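Note that the coordinates shown come from a computational prediction; the quantities given were computed from them, not determined experimentally. Here is how names work: the chains are called A, B, and so on, in the same order as the sequence lines, proteins then strands, and each is numbered from 1.
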There are 2 protein chains.
Amino acid sequence: MKLTSKGRYAVMALVDLARFDSINPVSLRDISLRQGISLDYLEQIFSKLRKKEIVQSVRGTQGGYVLNKKAREIKLTNIFDAVDEKVKTVQCKKESKKGCTGKLTKCVAHNLWDELEKHINDFFNEKSLEDLVKNNNEKRI
Amino acid sequence: MKLTSKGRYAVMALVDLARFDSINPVSLRDISLRQGISLDYLEQIFSKLRKKEIVQSVRGTQGGYVLNKKAREIKLTNIFDAVDEKVKTVQCKKESKKGCTGKLTKCVAHNLWDELEKHINDFFNEKSLEDLVKNNNEKRI
DNA sequence: ATGATACTTGACTATTTTAGTCAGGTTTAT
DNA sequence: ATAAACCTGACTAAAATAGTCAAGTATCAT
Ligand code: FES
Ligand code: FES
């Protein structure tokens with residue numbers, strides 16, 4: 001049960017962006033350097049974030065990305081959703097996967113997995129980008 | 001962020017075991033048939049559960065496995081721990097992993113990952129095997 | 001105008017992890 | 001004795017991850 005780099009990078013990059021985008025757009029190159037994330041990979045990630053309207057792009061020299069919503073309105077859920085970092089506790093989408101009784105009956109632990117999934121998603125629904133930036137600034141003072 | 005089959009199987013198998021072990025040891029073959037899990041894979045899993053003293057083995061004909069503790073005392077944490085289903089929200093064990101600033105400083109989202117990890121582990125610490133069996137029986141009545 | 005900066009897109013690939021399989025044992029009730 | 005069942009370690013196919021690479025297009029500063 002682990003968080004992938006894609007999800008972690010997306011959050012790191014957005015925290016970085018939220019801290020610096022007040023005046024000018026922030027270039028991925030800067031984020032790449034500050035956060036130590038591959039530029040090419042960041043481009044993939046931001047392409048997704050843009051499609052889900054979490055960020056806006058500004059092309060050309062001095063261009064970069066800007067948040068498309070208030071940091072308070074961007075929840076962790078939105079970020080993870082945009083980059084396909086889904087929480088999956090079950091594996092029974094395709095019919096007759098091993099260990100999954102299919103769609104008609106549920107396996108003996110099924111309720112548990114549903115609860116767990118909800119428990120984790122609750123966390124993601126609560127936290128906003130604003131919370132993260134604040135939390136991070138506090139720690140640095 | 002997903003749960004692996006190994007973790008899911010371990011829980012399913014133990015729920016099955018907890019429901020049937022009152023009289024005789026339960027053979028992996030039976031669990032395999034009832035839960036639709038590969039016998040060979042179950043053997044790997046139970047080998048780990050035995051090493052962590054969650055189950056006890058009875059060899060020979062009519063043998064099988066029995067719980068080694070009260071169902072109430074077996075927490076989800078113990079099960080996942082035994083089969084190496086760890087919750088990992090960070091990736092910064094080896095020094096200078098990309099995106100991880102190493103051991104000295106923490107990345108901008110680090111507190112969040114720690115919180116998330118705790119949040120998930122809290123869930124695992126609460127739930128006991130007894131809870132699962134009860135929950136499952138209720139649903140079947 | 002023109003170069004540099006930076007976004008855009010899609011395909012490609014190496015590595016790691018997962019989810020098993022397989023082969024060959026050992027123990028013990030009957 | 002023999003079959004049921006545990007036990008062990010090695011092996012492997014498939015999937016997911018974490019990128020890289022190549023070839024653009026748009027815009028600004030000068
Ligand atoms: S996880 Fe698939 S049936 Fe329960
Ligand atoms: S996740 Fe590695 S430094 Fe924060």
Side-chain angles (χ1 to χ4, degrees), chain A residues 1-10 12-13 17 20-21 24-33 35-51 55-66 68 80 83-86 88 90-94 97-100, chain B residues 1-10 12-13 17 20-21 24-33 35-51 55-66 68 80 83-86 88 90-94 97-100:
Chain A
M1 182 129 233
K2 64 187 142 200
L3 193 67
T4 67
S5 289
K6 181 144 56 178
R8 271 187 302 112
Y9 290 172
M12 289 170 71
L17 182 55
F20 288 95
D21 85 335
N24 298 311
V26 180
S27 73
L28 293 188
R29 192 165 163 282
D30 285 354
I31 296 179
S32 166
L33 291 173
Q35 304 301 329
I37 303 170
S38 144
L39 177 59
D40 284 313
Y41 206 16
L42 273 180
E43 272 163 356
Q44 278 183 47
I45 291 168
F46 272 77
S47 162
K48 293 176 185 228
L49 292 174
R50 189 173 59 83
K51 277 170 192 155
V55 297
Q56 240 185 344
S57 66
V58 180
R59 301 187 70 149
T61 319
Q62 305 296 320
Y65 286 91
V66 191
N68 198 29
F80 281 166
V83 299
D84 307 305
E85 175 82 36
K86 300 185 204 86
K88 293 195 74 174
V90 297
Q91 196 65 23
C92 37
K93 287 289 133 63
K94 306 274 174 188
K97 258 267 179 184
K98 266 186 182 172
C100 286
Chain B
M1 181 127 236
K2 64 187 142 200
L3 195 65
T4 68
S5 290
K6 180 144 56 177
R8 272 188 302 112
Y9 290 170
M12 289 170 70
L17 183 55
F20 288 95
D21 84 335
N24 298 314
V26 180
S27 73
L28 293 189
R29 190 166 162 283
D30 286 353
I31 297 179
S32 167
L33 291 172
Q35 304 301 329
I37 303 170
S38 145
L39 176 59
D40 283 314
Y41 205 16
L42 273 179
E43 273 166 356
Q44 278 183 47
I45 292 168
F46 272 77
S47 161
K48 293 176 187 231
L49 292 174
R50 188 173 59 83
K51 277 170 192 157
V55 297
Q56 239 184 346
S57 67
V58 180
R59 301 187 72 151
T61 321
Q62 304 297 321
Y65 286 91
V66 191
N68 198 28
F80 282 165
V83 299
D84 307 305
E85 176 82 37
K86 302 185 204 87
K88 294 195 73 174
V90 296
Q91 195 63 25
C92 36
K93 287 289 134 60
K94 305 274 175 187
K97 260 266 178 186
K98 267 185 182 173
C100 286

Item to check | Closest non-hydrogen atom pair, B:Phe80 against B:Gly7 | outcome: CE2-O, 3.5 Å

Checklist outcome for this item: Walking DNA chain C from its 5' end, the first of A:Met1 and B:Thr61 to be reached, judged by nearest nucleotide, is A:Met1

Item to check | Given DNA chain C, 5'-ward residue of the pair A:Lys51 and A:Gly63, judged by closest heavy atom | outcome: A:Gly63

Between [atom2] on [N] and [atom1] on [X], what's the gap in Å once rounded to a whole number?
{"X": "A:Tyr41", "N": "C:dC12", "atom1": "OH", "atom2": "C1'", "answer": "15 Å"}
{"X": "B:Ile31", "N": "D:dC6", "atom1": "CD1", "atom2": "P", "answer": "8 Å"}
{"X": "A:Glu85", "N": "D:dA18", "atom1": "CD", "atom2": "P", "answer": "8 Å"}
{"X": "A:Leu49", "N": "C:dC7", "atom1": "CG", "atom2": "P", "answer": "13 Å"}
{"X": "A:Ile45", "N": "D:dT20", "atom1": "CD1", "atom2": "P", "answer": "11 Å"}
{"X": "A:Glu43", "N": "D:dC21", "atom1": "CD", "atom2": "P", "answer": "13 Å"}
{"X": "B:Lys48", "N": "C:dT18", "atom1": "NZ", "atom2": "C1'", "answer": "12 Å"}
{"X": "B:Asn24", "N": "C:dT28", "atom1": "CG", "atom2": "P", "answer": "17 Å"}

Checklist entry - Do A:Met1 and B:Glu85 touch side chain to side chain, with heavy atoms closer than 4.5 Å? => result yes

Checklist entry - With a 3.5 Å cut-off and no angle check, do the side chains of A:Ser5 and B:Gln91 form a donor-acceptor pair? => result no

Do any side-chain nitrogens or oxygens of [X] fall under 4.0 Å of OP1 or OP2 in [N]?
{"X": "B:Ser5", "N": "C:dA19", "answer": "yes"}
{"X": "A:Ser57", "N": "C:dT8", "answer": "yes"}
{"X": "B:Ser38", "N": "C:dT21", "answer": "yes"}
{"X": "B:Tyr9", "N": "C:dG20", "answer": "yes"}
{"X": "B:Arg50", "N": "D:dT8", "answer": "yes"}

Item to check | base_contact_polar (C:dT26 base, B:Arg59 side chain, donor-acceptor, <3.5 Å) | outcome: yes

Checklist entry - Between C:dT9, C:dT18, D:dT8, which nucleotide gets closest to the side-chain atoms of B:Thr4? => result C:dT18

Checklist entry - Contact class for A:Tyr65 (heavy atom, under 4.0 Å): base, sugar-phosphate, or nothing? => result sugar-phosphate

Checklist entry - Under 4.0 angstrom, heavy atoms only, what part of the nucleic acid is A:Val55 near: base, sugar-phosphate, or nothing? => result nothing

Checklist entry - Has the side chain of A:Ser32 got a donor or acceptor atom that lies under 3.5 Å from a matching backbone atom of A:Ile37? => result yes

Checklist entry - Taking atom CD of A:Gln44 and atom CG of A:Leu39, what is their separation to the nearest 0.5 Å? => result 11.0 Å

Checklist outcome for this item: 5'-most contact on DNA chain D (nearest-nucleotide basis), B:Arg29 vs B:Gln44, goes to B:Arg29

Next on the checklist: Which is more 5' along DNA chain D, the nucleotide nearest A:Gln62 or the one nearest A:Asp40? Just name the residue.
Outcome noted: A:Asp40

Next on the checklist: Using 30° and 60° as the class boundaries, would you call the ring planes of A:Tyr9 and A:Tyr41 parallel, tilted or perpendicular?
Outcome noted: perpendicular

